[in-house]
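Written below as structure tokens is the structure these notes are about.
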Amino acid sequence: MYRFLLTRRWLGLLLVAVLVATACVFLGRWQLHRLGERHARNALLERNLDTPPVAAERLLAVRSDLAPGAQFRRVRVVGRYDAGEQLLVRTRPFDGQVGFYVLTPLVTGSGTALLVNRGWIPDGPTSTAVPDVPRPPGGTVSVTARVRLSEPAATTGPPPRGQVTRIDVPGIARTLPYDVYRGYADLTAERPAPRVAPARLPAPGPSEGPHLLYAVQWLLFACGALVWFVVMARREAADRRGTSTPSAPGSTDDTGGKPAEPAGHRVDDTRVGRSVP
């Protein structure tokens with residue numbers, strides 16, 4: 001009954017169904033891997049957010065990256081903001097809007113700088129207008145900030161002068177005249193506090209994201225591909241049974257409702273309707 005499954009056409013359809021199902025399973029496993037990363041990040045947040053601040057040099061270095069396990073810890077830094085080297089980080093969301101992060105080097109007494117994300121400001125009145133940026137406090141300031149890993153380098157074209165699309169610390173450090181710690185920090189407090197300042201960023205919160213839902217969806221797609229092949233095969237088998245079953249003698253045809261005539265006993269149409277003399 002199902003010998004047609006050994007034909008080239010049906011073997012090809014089976015291969016397609018298996019390949020689609022396998023791809024969906026791999027995508028589902030990838031989503032589960034992303035969910036595991038989220039769980040690890042949530043555990044890191046719970047462990048590091050409320051730890052007391054420490055000196056920057058205990059966590060940060062100039063020639064080595066910030067250790068991933070140290071991310072979100074707070075550091076305490078004393079120095080002077082270099083407003084002349086300030087950068088705006090493009091297309092950053094905050095409270096349902098899109099604007100800029102204000103990234104300002106804080107140069108310490110040793111001459112090493114920490115890139116401090118002072119907060120968020122909205123876009124200018126037009127897409128090409130530069131927004132007004134609150135100036136950092138002048139003189140010596142004491143800053144407490146939450147350290148973050150450097151972002152990957154941008155793959156798009158260069159933005160306007162004074163702006164960046166990624167907080168790529170090594171790339172930014174190459175444009176500055178002093179050593180820079182290999183990591184940046186989100187500002188949480190500073191003294192003296194300026195009269196006008198960018199919007200302070202909230203502490204990151206735990207989130208699992210939609211990865212579990214996506215994993216279940218990909219698993220359903222994998223099952224759907226196999227079910228589709230089974231349904232198509234059963235339908236083909238039913239069609240073949242229907243066309244191969246002979247009609248019973250005396251059964252009616254589909255159009256006239258009269259019994260089917262046996263082969264070899266057709267009525268001569270030329271004689272139908274002739275009158276008998």
Side-chain angles (χ1 to χ4, degrees), residues 37-83 85-95 97-110 112-121 133-134 136-137 140-152 164-173 176 179-194 196-209:
E37 292 178 343
R38 285 276 189 164
H39 288 165
R41 182 180 184 272
N42 292 343
L44 186 66
L45 285 170
E46 184 178 359
R47 186 169 62 249
N48 288 352
L49 279 183
D50 296 328
T51 56
V54 298
E57 57 269 19
R58 288 187 55 183
L59 301 179
L60 298 164
V62 174
R63 291 175 176 79
S64 59
D65 294 331
L66 174 70
Q71 188 174 198
F72 307 120
R73 290 192 62 180
R74 288 177 297 165
V75 294
R76 186 173 50 251
V77 188
V78 176
R80 292 173 175 265
Y81 282 119
D82 186 358
E85 298 292 348
Q86 184 168 267
L87 295 170
L88 297 180
V89 187
R90 296 168 58 88
T91 61
R92 297 299 167 125
F94 179 79
D95 200 20
Q97 302 180 67
V98 176
F100 299 88
Y101 286 165
V102 181
L103 194 68
T104 311
L106 179 69
V107 184
T108 65
S110 65
T112 303
L114 172 65
L115 297 179
V116 177
N117 180 5
R118 295 172 49 223
W120 179 91
I121 59 172
V133 182
T140 301
V141 293
S142 176
V143 167
T144 303
R146 187 174 293 110
V147 293
R148 303 293 298 271
L149 294 171
S150 173
E151 297 179 354
V164 293
T165 56
R166 298 289 185 89
I167 307 180
D168 170 24
V169 176
I172 295 173
L176 298 177
D179 289 335
V180 178
Y181 286 122
R182 294 284 291 271
Y184 72 99
D186 293 334
L187 180 68
T188 59
E190 62 184 345
R191 295 195 312 267
V196 180
R200 192 72 51 82
L201 300 180
S207 171
E208 292 193 352

Checklist line | R182: partners by salt bridge (charged side-chain N to carboxylate O under 4.0 Å, His left out), with sequence neighbours left out | finding: D65

Checklist line | Value rounded to 0.5 Å, distance of CH2 in W120 from CZ in R92 | finding: 13.0 Å

Margin query: Could you check whether any side-chain heavy atom of P198 comes within less than 4.5 Å of a side-chain heavy atom of V102, counting everything from C-beta outward?
Written below: yes

Item checked: Set of side chain to side chain contact (heavy atoms under 4.5 Å, CB included) partners for T51, sequence neighbours left out -> R73

Check: In Å and rounded to the nearest 0.5 Å, what is the CG to CD1 distance from L149 to I167?
Finding: 11.5 Å

Notebook entry, point to check: Within a radius of less than 6.0 Å around CZ of R47, do more than 12 heavy atoms belonging to other residues, nucleotides or ligands occur?
Noted result: yes

Checklist line | Distance (rounded to the nearest 0.5 Å) between L66 CG and L60 CG | finding: 5.5 Å

Next item on the list: Walk me through it: do V116 and L103 pass the test side chain to side chain contact (heavy atoms under 4.5 Å, CB included)?
Entry: CA-CA 6 Å; V116 177; L103 194 68; over 6 Å; no

Check: For the atom pair OG1 (T165) and CD (E151), what is the distance rounded to the nearest 0.5 Å?
Finding: 9.0 Å

Notebook entry, point to check: Is the number of heavy atoms from other residues, nucleotides or ligands under 6.0 Å of R200 CZ greater than 12?
Noted result: yes

Note to self: So which atom in T104 and which in D82 form the shortest heavy-atom distance, rounded to 0.1 Å?
What the structure shows: CG2-O, 3.9 Å

Notebook entry, point to check: Short question: side chain of N42, backbone of S207 - any donor-acceptor pair under 3.5 Å?
Noted result: yes

Note to self: Walk me through whether D186 and R148 qualify under side chain to side chain contact (heavy atoms under 4.5 Å, CB included).
What the structure shows: CA-CA 7 Å; D186 293 334; R148 303 293 298 271; 3.0 Å; yes

Next item on the list: State whether the side chain of T188 and the backbone N or O of T144 hold a donor-acceptor pair below 3.5 Å, judged by distance alone.
Entry: yes

Note to self: Under the rule for salt bridge (charged side-chain N to carboxylate O under 4.0 Å, His left out), what residues qualify as partners of E37, not counting sequence neighbours?
What the structure shows: R34

Item checked: Contact check, side chains of F72 and R41, non-hydrogen atoms, under 4.5 Å -> yes

Note to self: Taking salt bridge (charged side-chain N to carboxylate O under 4.0 Å, His left out) as the definition, give me every residue that meets it alongside R146, ordered by chain and number, with sequence neighbours left out.
What the structure shows: none

Next item on the list: Quick one: closest heavy-atom pair of L45 and P204, and the distance?
Entry: CD2-CG, 3.6 Å

Margin query: Testing the basics here: between L49 and R74, what is the closest heavy-atom pair and its distance to 0.1 Å?
Written below: O-NE, 4.0 Å

Margin query: How close do G69 and L44 get, counting heavy atoms only, and between which atoms?
Written below: O-CD1, 3.4 Å

Note to self: Under a 3.5 Å distance rule, please check whether N48 uses its side chain to pair with a backbone N or O of Q71 as donor and acceptor.
What the structure shows: yes

Item checked: salt bridge (charged side-chain N to carboxylate O under 4.0 Å, His left out) partners of E57, counting only residues at least two apart -> none

Notebook entry, point to check: How far does CG of L187 sit from CG of L114, to the nearest 0.5 angstrom?
Noted result: 10.0 Å

Check: Any sub-3.5 Å donor-acceptor pair from R76's side-chain atoms to A56's backbone N or O?
Finding: no

Check: Tell me, do P137 and Y81 make a side-chain contact under 4.5 Å, heavy atoms counted?
Finding: yes

Notebook entry, point to check: In Å, rounded to the nearest 0.5 Å, how long is the span from CZ of R118 to OH of Y101?
Noted result: 14.5 Å

Item checked: S150 side chain to V169 backbone, donor-acceptor under 3.5 Å -> yes

Check: Does T108 have any side chain to side chain contact (heavy atoms under 4.5 Å, CB included) partners at least two apart in sequence or in another chain, and if so, which?
Finding: V77, S110, T112

